[in-house]
Engineer: 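Let me give you the structure first, and then I'll get to my questions.
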Number of protein chains: 2
Amino acid sequence: MLNKAEGDLVMGLANLQNKIQKRQAAALSAHGISVTEYMVLLQLHRAANHRMRRIDLADNVGLSASGVTRLLNPMVKIGLVHKEENVRDARVSLVVLSDAGAQIFQDAEVSFNHAAQALLAPLGAEQQGALAGIIKALL
Amino acid sequence: MLNKAEGDLVMGLANLQNKIQKRQAAALSAHGISVTEYMVLLQLHRAANHRMRRIDLADNVGLSASGVTRLLNPMVKIGLVHKEENVRDARVSLVVLSDAGAQIFQDAEVSFNHAAQALLAPLGAEQQGALAGIIKALL
DNA sequence: GCTGAATGTTTGAGCCAGCAAGTATTTATC
DNA sequence: GATAAATACTTGCTGGCTCAAACATTCAGC
């Protein structure tokens, strides 16, 4: 069985991601948001005009369409984000990052990146570069 | 903000893992088991005498103790696995891989490893080695 | 050898996500 | 320009996992 190495790598990646996700969740809990919510805020922050269609959000965050709907509901209530209808296409409802949401994101980003740095600290500079290349190749 | 690179790496890893997990789930669905169940079978298969304490299983698979209990219940019913009480310590209930479970695992392992190989195919040999080193360093 | 802490497991309640089905709107075909 | 297919989104239902609490058993200190 020659492809056992690949199987072990995939298992290792799963374990690693599990660990990372828990740490990042802890880091973000201080800001009252989950990792998934952070991903949404990040996408919106990077999007043109801080607004996006829900379906693109779903794609970029790796969620289903219904997952986005349910995730966004509380975020709208809290005011991190608000809806906006599209004049051109009445099917789509755009999601817009609010100022409050942008502020929370910026605070959370500091924590997130700091935690990420701590997690990846065991890697040397060239290992980190290699990892970036690997992710790019596999995504 | 110099640690942005690390944050992006962590986000990239999350996306990658998301993709991998879905592919592996599809590969395993032919055998009627989930990725988590596969992980359990794998651990049991590798364990001495094909048996393990539930708590060690939880640790190795990255689940909570209650998660293991709930995951195992259907697997016991189907006969992939069975309980066994520990004579030395009446608190623990050992999980034992059944012959049927071992058979299913061996079949599933082929699919799993094959899918893993396909996923990692874009990587060169030395990238794959680098990834193994990175995972080891970070776990 | 008794009492309190620690350990292993199960159970109840709740959250988060997915799938399938339903609604509304737009696009394509004829 | 009517009909069918495709697209964007929401909702009902369900599964999987967690946390906190309960319970049973063992271990440690006196």
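We name chains A, B, ... by the order of the sequence lines, and we start the count at 1 in each one.
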Engineer: Does B:N86 form a side chain to side chain contact (heavy atoms under 4.5 Å, CB included) with B:R53? I'd like the steps, not just the answer.
Structural biologist: CA-CA 9 Å; B:N86 188 336; B:R53 300 183 333 167; 5.6 Å; no
Engineer: Base, sugar-phosphate alone, or nothing: which one does B:S93 contact when heavy atoms must sit under 4.0 Å apart?
Structural biologist: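 Sugar-phosphate: the residue B:S93, judged by heavy atoms under 4.0 Å, touches backbone atoms but no base.
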Engineer: Once you round it to whole Å, what is the distance between C1' of D:dG16 and CG of B:N73?
Structural biologist: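 The answer, rounded to whole Å, is 13 Å.
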Engineer: Going by atom types alone, do B:K22 and B:N18 pair a side-chain donor with an acceptor below 3.5 Å?
Structural biologist: yes
Engineer: Using whole Å, report how far CZ of A:R88 lies from C1' of D:dA8.
Structural biologist: 17 Å
Engineer: Would you say a side-chain N or O of B:K83 is under 4.0 Å from OP1 or OP2 of C:dT10?
Structural biologist: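 So the side chain of B:K83 is within the cut-off, an N or O lying under 4.0 Å from OP1 or OP2 of C:dT10.
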Engineer: Just checking B:T36: base, sugar-phosphate only, or nothing, at a heavy-atom cut-off of under 4.0 Å?
Structural biologist: sugar-phosphate
Engineer: Rounded to whole Å, how long is the line connecting atom CD of B:E37 with atom C1' of D:dG16?
Structural biologist: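 Between C1' of D:dG16 and CD of B:E37: 10 Å.
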Engineer: Rounded to whole angstroms, how far apart are CG on A:D59 and C1' on D:dC9?
Structural biologist: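 Checked: the CG to C1' distance equals 14 Å.
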Engineer: Round to the nearest Å and state the distance from A:L63 atom CG to C:dG18 atom C1'.
Structural biologist: 9 Å
Engineer: Looking only at side chains, do A:N73 and A:K77 share a donor and an acceptor under 3.5 Å apart?
Structural biologist: no
Engineer: Please examine the side chains of A:R54 and A:K83, heavy atoms only from C-beta on, and report whether any two atoms are closer than 4.5 Å.
Structural biologist: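 Sidechains of A:R54 and A:K83: in contact.
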Engineer: What is the distance, rounded to the nearest whole Å, between atom CG of A:D89 and atom P of D:dC9?
Structural biologist: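 Going from CG in A:D89 over to P in D:dC9 covers 8 Å.
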Engineer: Using only side-chain N and O atoms of A:S64, determine if any of them is under 4.0 Å from OP1 or OP2 of C:dA17.
Structural biologist: no
Engineer: Base of D:dG15, side chain of B:R70 - is there a donor-acceptor contact under 3.5 Å?
Structural biologist: no
Engineer: Where each residue is assigned the nucleotide of DNA chain C containing its nearest heavy atom, which of B:R53 and A:S66 is assigned the position nearer the 5′ end?
Structural biologist: B:R53
Engineer: Judged by each residue's nearest nucleotide on DNA chain C, which is more toward the 5′ side, A:A90 or A:G67?
Structural biologist: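 Closest to the 5' end, via its nearest nucleotide, is A:G67.
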Engineer: At what distance, to the nearest 0.5 angstrom, does CG of A:L57 lie from CG of A:L71?
Structural biologist: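 Output value for this atom pair is 8.5 Å.
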Engineer: Whole Å only: how far is the CD1 atom of A:I55 from the P atom of D:dT10?
Structural biologist: 11 Å
Engineer: Figure out the CZ/P separation between A:R91 and D:dT10, and round it to whole Å.
Structural biologist: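 From A:R91 CZ to D:dT10 P: 14 Å.
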